[in-house]
Amino acid sequence: MNLLFASSNKNKIKEVQALMPAHIKLLGLSDINFTEEIAETAATIEGNAKLKAEFIWNYLKEHPSEIKIDAVFADDSGLEVEALNWAPGVYSARYAGEPKNDEANNKKLLTELKLQTKRNAQFKTVIAFINKNSYQQFEGIIKGAMAYEPRGKDGFGYDPLFIPQGYRSTFAELDFETKNSISHRGIAVKKLVEYLSL
Ligand code: IMP
């Protein structure tokens, strides 16, 4: 089947691709020449995932792609830090304002957490999936803690600050396969793959 991931984020696409079985061909928004940014206007992570998946599903009705698309899914993620009342959450991408910037977001987070010893946090991904018969949502959560300084060169976003539970390394210090096998996105994608394999 041809499955369109409604994302232009190369890091996310690489992570999802690595978890896809051979019978699923994964496409990204660049494969349908879609280059716009979809405004994430919902108040929740679930809402933004749904909004992005529905937007692209409806877009394809008006702009059929040369490649036949069987289904579409979108993901939305957020970092939730308990000491910050679970912020930045749904606002993770633009925590330090517009335009969105990973480095500025990490810097702001460290400033907000200065002198804070309570460092526990979680990463959450919601996947919204649509095909002609159904709408489904899949959630992935990984618990962990916020580091005191950025560590590691791999990954993206908040990876240099997030230490998954049971590890000493940040996501950015772990190798690609390890992060992908335990991450919020990995958990949600595995649920999607299981659903598609039923
Ligand atoms: P979104 O799902 O693209 O809206 O992501 C929200 C924010 O979380 C952005 O700042 C991303 O860079 C960040 N983010 C999403 N997934 C990950 C991840 O796996 N690791 C680190 N940061 C992430």
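Atoms within a ligand are numbered from 1 in the order they appear, just like the ligands themselves. A quick note: this is a predicted structure, and the numbers were derived from the prediction, not measured.
Residue, atom and distance of the protein heavy atom nearest to atom 22 (N) of ligand 1 are Y158 N, 3.0 Å. Counting only heavy atoms of the protein, atom 19 (O) of ligand 1 lies nearest to K179 NZ, 2.8 Å. Scanning the protein heavy atoms around atom 10 (O) of ligand 1, the nearest turns out to be A93 CA, 3.3 Å. Regarding atom 14 (N) of ligand 1, its nearest protein heavy-atom neighbour is F156 CE1, 3.9 Å. Looking at atom 16 (N) of ligand 1, its nearest protein heavy atom turns out to be R185 NH2, 2.7 Å.
Proximity to K12 (heavy-atom distance under 4.0 Å) selects the following atoms of ligand 1: 1 (P), 2 (O), 3 (O). Of all atoms in ligand 1, listed by their number and element, those nearer than 4.0 Å to a heavy atom of S92 are 6 (C), 7 (C), 8 (O), 10 (O). Those atoms of ligand 1 with a heavy atom of H184 less than 4.0 angstrom away are 16 (N), 17 (C), 18 (C), 19 (O). Each of the following atoms of ligand 1 lies closer than 4.0 Å to a heavy atom of D76: 1 (P), 2 (O), 4 (O).
Looking at S77 next to ligand 1, an N or O pair under 3.5 Å apart turns up.
Using a 4.0 Å cut-off between a side-chain N of Lys or Arg and a carboxylate O of Asp or Glu, E112 and K107 do not qualify as a salt bridge. Under 4.0 Å is where a charged nitrogen must lie from a carboxylate oxygen, and between K179 and E15 at least one such pair does. Look at E98 and R94 and you find a salt bridge, because one of the NZ, NE, NH1 or NH2 atoms lies within 4.0 Å of a carboxylate O, short of that distance.
Distance check, rounded to the nearest 0.5 Å: CG of D76 to CD of E46 gives 9.0 Å. Distance check: L113 CG to K118 NZ gives 11.0 Å after rounding to the nearest 0.5 Å.
Taking the six-membered ring for Trp and thresholds of 30 and 60 degrees, F138 and F129 have ring planes more than 60 degrees apart, a perpendicular arrangement.
For D159, the closest heavy-atom approach to ligand 1 falls below 4.0 Å. Ligand 1 lies within reach of F123, whose nearest heavy atom is under 4.0 Å from it.
Residue contacts with ligand 1 for N11 are absent, since no atom lies close enough (heavy atoms, distance under 4.0 Å). Heavy atoms of K100 found under 4.0 angstrom from ligand 1: none, in either backbone or side chain.
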- Item | Worked verdict on K143 versus Q122 for side-chain hydrogen bond (donor to acceptor under 3.5 Å, both in side chains) | CA-CA 4 Å; K143 292 185 185 301; Q122 63 182 30; 3.2 Å; yes
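Seen from the ring of F5, K12 does not count as a face-on cation partner, given the 6.0 Å and 45° thresholds.
What you find for L174 and D154 is that their closest heavy atoms are O-OD2, 3.9 Å.
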